[in-house]
2 protein chains.
Amino acid sequence: MTGSHTLGETEARVANRLSHMTLDFEAMAVTSNLFRAASAVRNHFERNVLAESGLSWTAFVVLWVTWIWEPAETRDIAAEAGISKATLTGVLSTLEKMGLVTRARSTTDGRLVLVSLTKDGQTLMETLFPAFNRQEIAVVSPVADDKRGELADMLRAITAKIEG
Amino acid sequence: MTGSHTLGETEARVANRLSHMTLDFEAMAVTSNLFRAASAVRNHFERNVLAESGLSWTAFVVLWVTWIWEPAETRDIAAEAGISKATLTGVLSTLEKMGLVTRARSTTDGRLVLVSLTKDGQTLMETLFPAFNRQEIAVVSPVADDKRGELADMLRAITAKIEG
DNA sequence: TTGAGATTGTTTGGATACGAACAATATGGT
DNA sequence: ACCATATTGTTCGTATCCAAACAATCTCAA
């Protein structure tokens with residue numbers, strides 16, 4: 001992620017470039033590191049856990065949400081996965097083509113589409129999710145045990161603040 | 001981001017679905033909230049700060065890195081922005097078309113391309129970045145002042161662990 | 001009953017995203 | 001000087017990703 005420049009070098013140049021502005025560097029550091037971490041973790045998962053299944057990050061999340069809420073309405077899947085409904089349409093088509101999910105129009109509301117996992121989809125998730133969790137443990141390991149709950153809470157608070 | 005289900009409801013279903021697996025739910029909560037937060041913050045910035053300039057999140061990050069390191073080598077921009085060089089090629093073409101950056105081949109190394117901001121690009125960043133920082137402050141506000149440094153450090157540690 | 005308005009999933013158009021293959025350039029040893 | 005190897009940015013193919021427009025369906029008041 002980081003280029004050839006050290007952290008201190010970057011911050012020095014930033015401070016120099018922005019010296020005439022009144023800025024909150026601590027807030028800047030939080031958001032900046034939030035994105036670096038999220039991006040690094042995501043790429044790590046894609047390469048080390050998902051690649052062999054041919055799944056993208058988003059495809060996995062969609063599969064996971066469907067797994068939990070099956071049969072799931074697409075509007076809920078999109079909301080839980082944090083993607084637009086337009087994106088979901090494409091991802092579902094991909095997963096359908098891979099034989100992992102099925103689409104079925106609701107009998108009580110003709111506008112709704114209900115998504116379920118196929119047998120293959122279920123089998124895949126039962127092996128994939130534990131593997132995923134093992135990597136989650138490794139990723140979080142540099143944070144002290146008694147700080148992880150606090151970390152999750154702070155991130156939750158940020159999300160709530162924006163979406164509230 | 002969250003759908004029609006409450007957090008407790010979701011966790012109950014997850015626990016039920018995964019009851020026969022040995023999982024680290026705290027690690028799961030950290031990564032899960034990491035992505036929710038990053039996604040929420042990114043969407044917030046794109047809609048409230050970047051939209052009026054017609055910039056995507058990535059385009060802004062590329063512009064920012066270039067602003068700091070100008071003239072910047074593309075390999076460094078890609079590394080700092082956390083995107084592949086293939087992606088950068090496309091984003092730079094977009095920014096060039098918008099008249100915000102210029103490309104120039106290095107005179108000392110014919111393989112390198114140096115990127116600089118145009119006058120318009122500089123003007124844009126001088127107004128955009130402070131507006132960006134104001135939103136960063138708002139986003140981080142639900143985290144106590146004396147906890148923000150710790151939060152940034154934990155996120156940095158996670159990134160370092162993966163990329164180390 | 002009927003029709004205006006709301007909701008839902010898909011399509012469209014354009015930008016982003018990556019791995020792999022590629023051409024151009026640079027480096028190092030001989 | 002030569003050339004095998006490495007590095008860099010672009011191109012290609014394919015998969016996301018979103019906003020806006022759209023067609024199908026539902027709701028509910030008149």
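Below, read A as the first sequence line, B as the second, and so on, with proteins coming before strands; counting in each chain starts at 1.
Looking at heavy-atom distances under 4.0 Å, B:Gly110 makes contact with sugar-phosphate atoms alone, never a base. Within 4.0 Å of A:Thr89, counting heavy atoms only, lies at least one base atom of the nucleic acid. Using a 4.0 Å heavy-atom distance criterion, B:Thr74 is classed as a sugar-phosphate-only contact. As judged by a 4.0 angstrom heavy-atom cut-off over every strand, B:Thr58 is placed among residues touching the sugar-phosphate backbone only.
Atom CD in B:Glu46 sits roughly 10 Å away from atom C1' in C:dT16 (whole-Å rounding). Atom CG of A:Asn43 is separated from atom C1' of C:dT16 by 14 Å (rounded to the nearest Å). The nearest whole Å value for the distance from the CZ atom in B:Arg75 to the C1' atom in C:dA26 is 11 Å. The distance between atom CZ of A:Arg47 and atom P of C:dC18, rounded to the nearest whole Å, is 8 Å.
Evaluation of atom-type donor-acceptor distances gives a pair under 3.5 Å for the side chain of B:Arg111 against the base of D:dT7.
Aromatic rings from B:Phe45 and B:Phe60 are positioned such that their centres are separated by 6.0 Å or more. Note: B:Trp67 and B:Phe129 meet the aromatic proximity criterion, with ring centroids under 6.0 Å apart.
A:Ser106 places no side-chain N or O within donor-acceptor distance of the main-chain N or O of A:Val113, the cut-off being under 3.5 Å.
Close to C:dA17, at under 4.0 Å from its OP1 or OP2, lies no side-chain N or O of B:Thr87.
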